[in-house]
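To keep things clear, I will list the structure first and then write my remarks on it.
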Amino acid sequence: MCGDPCHRAAVSAKVSPQIAAPLLAWYDANARSLPWRAPPGSPPPDPYRVWLSEVMLQQTTVAAVRPRFESWVARWPTLADFAEASDDDVMAAWAGLGYYARARNLLKCARAVAADHGGRFPDTEAALRALPGLGDYTAAAVAAIAFGRRAVVVDANVKRVVTRLFADDGGNIRALADSITPDDRAGDFAQAMMDLGSSICTPRAPKCLLCPLREDCAGFATGDPEAYPAKKAKAEKPTRHGTIFWLARGEDVLLVRRPDKGLLGGMRALPSGPWTLAHPHPSAASPLPPSPIGRGKGPAAEGGGKGEGEMEGAPAQADWQWLDGEIVHVFTHFRLVCRLAAARVEAQEAGAGGEWWPVARLGQAGLPTLFAKAAEKFRRDCDAV
DNA sequence: AAAACGTGGCC
DNA sequence: TGGCCAAGTTT
């Protein structure tokens with residue numbers, strides 16, 4: 001360090017306005033109108049709406065979030081309303097948005113704010129950071145956008161803009177972002193960075209000629225801004241196989257609730273067995289032993305050679321029929337191929353964690369997309385429904 | 001610290 | 001049309 005007490009002030013007076021001022025001017029003229037957002041320069045919106053939108057937007061596109069945000073706040077207009085919602089209603093309302101731990105943490109967070117903070121969000125980044133589901137990014141974003149705090153907001157957009165701006169290898173994004181974050185209008189600055197990242201400084205084919213920061217951008221100067229940030233190698237995505245079951249009784253179908261931990265945790269679902277890694281070399285493997293699972297008629301007993309375990313997890317001993325075809329669903333870290341088996345029973349209890357659900361109202365069950373796809377195929381292709 | 005954790009839109 | 005990617009967090 002230089003020992004000059006004015007050093008930091010000199011830096012922020014010199015560097016920060018060079019970036020923040022033109023960016024904010026651009027934002028004043030080009031801010032997107034979004035339902036969770038206040039117009040540039042106006043008072044901050046309800047922290048509940050800021051928080052909700054930020055959590056919904058984690059790894060999720062604006063296009064997907066917008067309608068879900070609207071219906072969410074119509075149903076639960078305030079934090080107090082939402083804190084009283086049931087787990088079931090919240091998980092069903094989140095269905096289709098993915099990353100369901102967000103919904104579980106959302107409710108935990110709302111109840112924590114109600115119980116420990118008098119029903120109002122804390123207004124400091126550190127206190128926000130301690131709430132369930134708020135990591136470094138979201139705590140900074142809420143502090144800046146909802147409370148006008150100066151906070152260094154770093155998400156994928158900021159990372160992209162900043163690495164290009166400085167032609168940086170990505171070693172210390174936070175320090176670089178800190179160096180251009182203004183003391184005033186930190187919330188607008190953060191949202192301006194995101195708008196710039198989504199409309200101008202895009203991952204591919206950035207529109208540098210429209211960029212308000214072009215003159216100060218080292219990445220533009222290199223002639224290949226797209227090289228930043230460096231992209232990481234993608235991991236191989238293994239394939240798993242499983243079975244999804246449709247058990248009909250009268251006009252109802254059996255639904256279960258998945259365990260709170262793990263994939264699709266806490267969500268309603270059709271019963272399913274284990275999702276097992278495909279055998280590396282199915283044809284070369286020794287023939288599987290004959291399997292009596294399922295007993296009597298049924299897919300596992302028909303000797304199709306599909307192997308043992310396909311009926312594992314079946315919710316009943318029944319005359320299971322395979323549907324033609326399979327469901328293919330791609331998750332973040334594996335690809336799932338599911339066979340579909342259907343049966344009908346006359347009288348059976350739902351059992352622990354199960355419930356008979358009217359088929360006509362399946363749309364309101366809040367099934368995650370995998371099971372919604374499966375249910376659609378059952379209803380279209382299967383006469384046992 | 002690497003891996004788990006979903007989904008829909010876009011080119 | 002299949003891969004890439006999005007306003008990340010948790011363990």
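Reminder, nothing fancy here: chain letters follow the sequence lines and each chain counts from 1.
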Looking only at atom C1', what distance separates B:dG8 and C:dT1, rounded to whole Å? 15 Å
What nucleic acid atoms does A:G197 come within less than 4.0 Å of, heavy atoms only: base, sugar-phosphate, or nothing? nothing
What is the nucleic acid contact for A:W94, judged by heavy atoms within less than 4.0 Å: base, sugar-phosphate only, or nothing? nothing
Mutual orientation of the aromatic rings belonging to A:W94 and A:W72 [parallel < 30°, tilted 30-60°, perpendicular > 60°]: perpendicular
Between A:D216 (side chain only) and A:L165 (backbone N and O only), is there a donor and an acceptor less than 3.5 Å apart? no
Applying a 4.0 Å non-hydrogen cut-off, can you work out what A:A156 is touching in the nucleic acid: base, sugar-phosphate, or nothing? sugar-phosphate
Quick one: do A:R150 and A:D184 make a salt bridge, cutoff under 4.0 Å? no
Pick the P atom in C:dA7 and in B:dC5, then give their distance to the nearest Å. 23 Å
Can you tell me if the side-chain N/O atoms of A:Y100 get under 4.0 Å from OP1 or OP2 in B:dT7? yes
Sugar-phosphate, base or nothing in reach of A:I145, heavy atoms under 4.0 Å: nothing
What is the distance, to the nearest angstrom, from the CG atom on A:L263 to the P atom on B:dA3? 17 Å
Under 4.0 Å, counting only non-hydrogen atoms across every strand here, what does A:R104 touch: a base, just sugar-phosphate, or nothing? nothing
How would you label the contact of A:G96 with the nucleic acid (heavy atoms, under 4.0 Å): base, sugar-phosphate, or nothing? sugar-phosphate
Would the base of B:dG9 count as contacting A:T61 through its side chain, where contact means a donor and an acceptor less than 3.5 Å apart? no
Measure from CZ on A:R335 to C1' on B:dG6 and round the result to the nearest Å. 16 Å
Using a 4.0 Å heavy-atom cut-off, does A:L97 contact any base of the nucleic acid, only the sugar-phosphate backbone, or nothing at all? base
Main-chain N/O of A:T78 paired with A:D81 side-chain donor or acceptor, under 3.5 Å: yes
Take the protein atom NE2 of A:H333 and the nucleotide atom P of B:dT7, then report the distance between them rounded to whole Å. 12 Å
For a quick check, tell me whether the side chain of A:T369 and the base of B:dG8 share a donor-acceptor pair closer than 3.5 Å. no
Is A:D324 salt-bridged to A:K377, going by a charged N under 4.0 Å from an acidic O? no
Would you kindly give the CZ-to-C1' distance between A:R102 and B:dA4, to the nearest whole Å? 14 Å
Using a heavy-atom cut-off of 4.0 Å across all strands, would you classify A:V62 as base, sugar-phosphate, or nothing? base
Expected output: side-chain A:K373 to main-chain A:V328 donor-acceptor under 3.5 Å: yes
In whole Å, what is the span from the NZ atom of A:K232 to the P atom of B:dA3? 13 Å
Atom-pair distance (CZ on A:F334; P on B:dA4), nearest Å: 10 Å
Between A:K234 and A:S198, which has a closest nucleotide on DNA chain C that is more 5'? A:K234
Could you tell me whether a side-chain N or O of A:R149 sits under 3.5 Å from a main-chain N or O of A:A186, the two making a donor and an acceptor? no
Separation of atom CD in A:Q59 from atom C1' in B:dG6, rounded to whole Å: 10 Å
Heavy atoms of chain A, cut-off under 4.0 Å: which first and last nucleotide of DNA chain C, 5' to 3', fall inside that, if you could look? C:dC4 to C:dT10
Check whether NZ of the Lys or CZ of the Arg A:R164 lies under 6.0 Å from the centre of the six-membered ring of A:Y228 and within 45 degrees of that ring's axis. no
Any base atoms under 4.0 Å from A:V330, or only sugar-phosphate, or nothing? Heavy atoms, all strands. base
Within the 4.0 Å heavy-atom criterion, would you say A:S53 contacts the bases, only the backbone, or no part of the nucleic acid? nothing
To the nearest 0.5 Å, how far apart are CG in A:D87 and NZ in A:K108? 10.0 Å
For atom CG of A:N105 and atom C1' of B:dC5, their distance in whole Å: 12 Å
Taking only side-chain N and O atoms of A:H329, does any of them lie within less than 4.0 angstrom of OP1 or OP2 on B:dG6? no
